[in-house]
Amino acid sequence: MKKVLSSRFFNQATLVVAEKLVGKYLVIKQRGKVKAYRITEVEAYDGPTDQASHASRGETPRNKVMFGPAGYFYLYLVYGCHQMLNIVTGQKGYPAAILIRALNNISGPGRVTKTLDLDQGFNHKPATVKTGLWFEDRGEKILATQIKRLPRVGVAYAGPIWSQKKYRFKLVTDE
DNA sequence: ACGATGATGAAC
DNA sequence: TTCATCATCGTA
């Protein structure tokens, strides 16, 4: 069974959505073909006080979409090289988003966007079938023991408290 | 270990 | 208008 995740799914507490998103699918339609990738790693950026989040220094033209309703994509360029794919979560007015860090066989957020050929054209678009990029629940049950909580990557600038928070959720297949 | 590479936002 | 910074990655 395949169920498209609606804005209602993303309109929940960000950490809850982040954990639930592991094991779901990112689906893209391009050149008439549909491809689905299982989400294996995500990171939460939760609220205005999160010092690792772009939203911690207030609303700007770039992060505006984070302050809007859930279910919209937030893409931005880092290091002049890599697009980061995020999905906005939580209530309108509360800035939060989840970074898609890895999919099956695709490790690293920059490689996710490179492989799927995602650019600024998806920024501010809703995660719907019409957009051509959306999320699905394909009925896979993920146990809590299969998800590892880790500190986020590349956020030392946020200071010891916020950089150490375990806002990264990673699927543990085996080992 | 380091440079690429360019938009962003804050300061001046 | 200038300038430091950056939710990374490939090459060495």
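In what follows, chains carry the letters A, B, and so on, assigned in the order in which the sequence lines appear, proteins first and then strands, with residues in each chain numbered from 1.
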Exercise for review: Starting from P on B/dG6, measure out to CZ on A/Arg62 and report it in whole angstrom.
Suggested key: 16 Å
Review point. For A/Arg57 and B/dT8, is the shortest distance between a side-chain N/O and OP1 or OP2 below 4.0 Å?
Key: no
Check your understanding: So does A/Tyr79 reach the base of B/dA4 with its side chain, donor to acceptor, closer than 3.5 Å?
Key -> no
**Study point:** Between A/Asn105 and A/Tyr37, a side-chain donor and acceptor under 3.5 Å
**Key:** no
Review point. Reckon A/His54 has a side-chain N or O less than 4.0 Å from the OP1 or OP2 of C/dA7?
Key: yes
Review point. Have A/Ser53 and A/Ser56 got a donor and an acceptor in their side chains that come within less than 3.5 Å?
Key: no
Check your understanding: For A/Leu118 and C/dT8, what is the distance between atoms CG and C1' respectively, to the nearest whole Å?
Key -> 16 Å
Exercise for review: Classify the side-chain pair A/Trp162/A/Gln164 by whether it contains a donor and acceptor separated by less than 3.5 Å.
Suggested key: no
Point to revise | Which nucleotide in C/dA7, B/dG9, B/dG6 has an atom nearest any side-chain atom of A/Ser53 | key: C/dA7
Review point. Taking atom types as modelled and ignoring hydrogens, do the side chains of A/Glu140 and A/Tyr25 form a donor-acceptor contact shorter than 3.5 angstrom?
Key: yes
Review point. Rounded to whole angstroms, how far apart are CD on A/Gln51 and P on C/dA7?
Key: 13 Å
Exercise for review: May I have the distance from A/Glu59 (atom CD) to B/dG9 (atom P), rounded to whole angstrom?
Suggested key: 11 Å
Review point. For the pair made of NZ in A/Lys64 and P in B/dG9, what is the distance, rounded to whole Å?
Key: 13 Å
Review point. What does A/Gly80 touch in the nucleic acid at a heavy-atom separation under 4.0 angstrom: a base, only the sugar-phosphate, or nothing?
Key: base
Exercise for review: Respond yes when some side-chain nitrogen or oxygen of A/Arg111 is under 4.0 Å from OP1 or OP2 of C/dC9, and no when none is.
Suggested key: no
Point to revise | Protein-nucleotide distance (A/Ile100, atom CD1; C/dA7, atom P), rounded to Å | key: 17 Å
Practice item. In whole angstrom, give the distance that lies between atom CD of A/Gln83 and atom P of B/dG6. Key: 12 Å
Exercise for review: Assign each of A/Cys81 and A/Gln120 to its nearest nucleotide of DNA chain B by heavy atoms, then name whichever residue's nucleotide is nearer the 5' end.
Suggested key: A/Cys81
**Study point:** Pair assignment for B/dA4, Watson-Crick or G-U wobble, requiring both distances under 3.5 Å
**Key:** C/dT8
Review point. Between C/dC6 atom C1' and A/Tyr45 atom OH, what is the distance in whole Å?
Key: 12 Å
Point to revise | Short side-chain N/O contact from A/Tyr157 to OP1 or OP2 of C/dT5, under 4.0 Å | key: no
**Study point:** Check: A/Tyr74/A/His124 side-chain N/O donor and acceptor closer than 3.5 Å
**Key:** no
